[in-house]
Peer 1: 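One structure is given below, represented as structure tokens, and several questions about it will come after.
Everything quoted here is computed from the prediction, not taken from an experiment. The first residue of the sequence shown is numbered 1, and numbering continues consecutively from there. Whatever order the structure lists ligands and atoms in, that order sets their numbers, starting from 1.
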Amino acid sequence: MKCSYHPGYQVALSASHPFPMSKFPLLKERLLTEGVLSPEDLLEPQPLERDVLELVHTAAYLDKLERSTLSAAEQRRLGLPWSESLWLRSRLASSGTLLAARTALASGLAGNLAGGTHHAFADHGEGFCVLNDVAIAIAKLRVEGEIERALVIDLDVHQGNGTAAIFEDSDAVFTFSMHGERNYPAAKMRSNLDVSLADGVGDAEYLDLLRRHLPAVLERSSPEVAFYLAGVDVAAGDRYGRMALSEEGIRARDRLVIEAVRDLRVPLVILLAGGYAASRERTAELHAHAFREAVAYERRAAHVP
Ligand SMILES: [Zn+2]
């Protein structure tokens, strides 16, 4: 399984900052150590250029990012201190998602060991999300005529508000979000399908809802490519999640999505999105399941023991 990765995915933050930046290299090392990925599976993205970003983001917003003129209030809303390395990181990670999408279109499956920054709107960033990588990848592939229709399966515990807003008027992009009703963002946008969950939902209820909705979502959207935001902030004990999925429940969720999409031979792109477990190592471990399950599926499909 090919996966985009770049050392620049990690930028320095203060030790007390809640965003677990080191989960990116930790996940990469873990997948390599386990043999889920081999070194030649890693694809190295180049930072996206402005003309590609402008397919989704407003010129006024990109000007602020390029010139480092985000106000203090805008940086608070973003939840990350602005820096040149964060700007580079945002363009690298978005590029990684586009690269993964191109690879998935060619081979059926690929991932980005970052991405899923679904709280980024066309004109502003928030919730640790600067650029909307999925929206950029879809917009670019559509402009190139590579695809017409796409599906976003957003199972991060927080609603994919930026993605929903960006594609609200698009008939070609289907947005599906399962998320905590009372969690961030306070003001929900309108996805094509929103499934709201009460606080404290566990494995059985969560998996039942997903099983009930996902086949219809795939049927209605008839996608040429699907993006799976495999956020692990649904885990019990997550700092921001308020859900109660077990590790086995997360693994079952990942398997369910991968099987549903790949059984239909729809190209699949797997992205991290959020995860705020007690330690960065634990967060990386939970993120690893989606990649383990994807590789296991492909090996089963190819009848490799
Ligand atoms: Zn989240």
Side-chain angles (χ1 to χ4, degrees), residues 9 13 17-24 26-27 76-80 86 89-90 93-94 96-97 111-121 124-135 152-166 175-189 191 193-202 206 209-210 227-247 249-251 253-254 257 269-280 282-291:
Y9 282 1
L13 292 175
H17 196 284
F19 190 86
M21 273 292 174
S22 57
K23 75 180 187 178
F24 306 110
L26 286 168
L27 173 62
R76 270 197 302 281
R77 190 173 192 186
L78 185 57
L80 294 167
L86 183 63
R89 180 214 185 278
S90 305
S94 295
T97 295
N112 184 9
L113 303 185
T117 41
H118 57 166
H119 301 310
F121 286 71
H124 75 273
E126 60 177 68
F128 305 143
C129 300
V130 178
L131 299 171
N132 197 307
D133 60 317
V134 170
V152 182
I153 301 167
D154 189 339
L155 300 187
D156 185 279
V157 80
H158 303 102
Q159 197 216 19
N161 55 344
T163 318
I166 288 166
T175 52
F176 167 45
S177 179
M178 256 174 75
H179 52 261
E181 169 81 63
R182 297 180 58 230
N183 209 324
Y184 172 92
K188 308 286 191 285
M189 298 292 118
S191 312
L193 178 63
D194 286 299
V195 176
S196 301
L197 308 170
D199 288 352
V201 163
Y206 188 98
L209 280 167
L210 185 57
F227 293 80
Y228 173 33
L229 281 71
V232 295
D233 43 13
V234 291
D238 185 272
R239 179 174 181 152
Y240 297 123
R242 302 197 197 181
M243 293 287 142
L245 266 70
S246 70
E247 187 163 6
I250 288 175
R251 196 160 187 159
R253 175 198 70 165
D254 293 340
V257 172
V269 185
I270 298 178
L271 309 164
L272 299 197
Y276 312 92
S279 70
R280 279 110 220 259
R282 179 74 186 146
T283 303
E285 167 61 19
L286 292 173
H287 278 305
H289 286 313
F291 298 91

Peer 1: With distance as the sole test, does Asp133 use its side chain to make a donor-acceptor pair with the main-chain N or O of Gly116 at under 3.5 Å?
Peer 2: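 Judged by distance alone, yes, a pair lies under 3.5 Å.
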Peer 1: State, to 0.1 Å, how close Phe128 and His17 come at their nearest heavy-atom pair, and which atoms those are.
Peer 2: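 Scanning both residues completely, I find the closest heavy atoms to be CE2-CE1, 3.8 Å.
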Peer 1: Can any side-chain N or O of Asp154 pair as donor or acceptor with the backbone N or O of Gln159 at less than 3.5 Å?
Peer 2: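 No.
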Peer 1: Can you confirm whether Phe291 sits close enough to Leu272 that some side-chain heavy atom of one is under 4.5 Å from a side-chain heavy atom of the other?
Peer 2: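 A side-chain contact under 4.5 Å exists here.
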Peer 1: Could you grab the protein N, O or S atoms closer than 2.8 Å to the Zn ion (ligand 1) for me?
Peer 2: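 Listed by chain and number, the atoms are Asp156 OD1, Asp156 OD2, His158 ND1, Asp233 OD2.
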Peer 1: Should His118 and Val152 count as side-chain neighbours, where that means a heavy-atom distance under 4.5 Å?
Peer 2: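 Heavy-atom side-chain distance check fails, nothing below 4.5 Å.
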Peer 1: Taking only residues two or more places apart in sequence or in another chain, which ones pass side-chain hydrogen bond (donor to acceptor under 3.5 Å, both in side chains) with Arg253?
Peer 2: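 Residues passing side-chain hydrogen bond (donor to acceptor under 3.5 Å, both in side chains) with Arg253: Tyr228.
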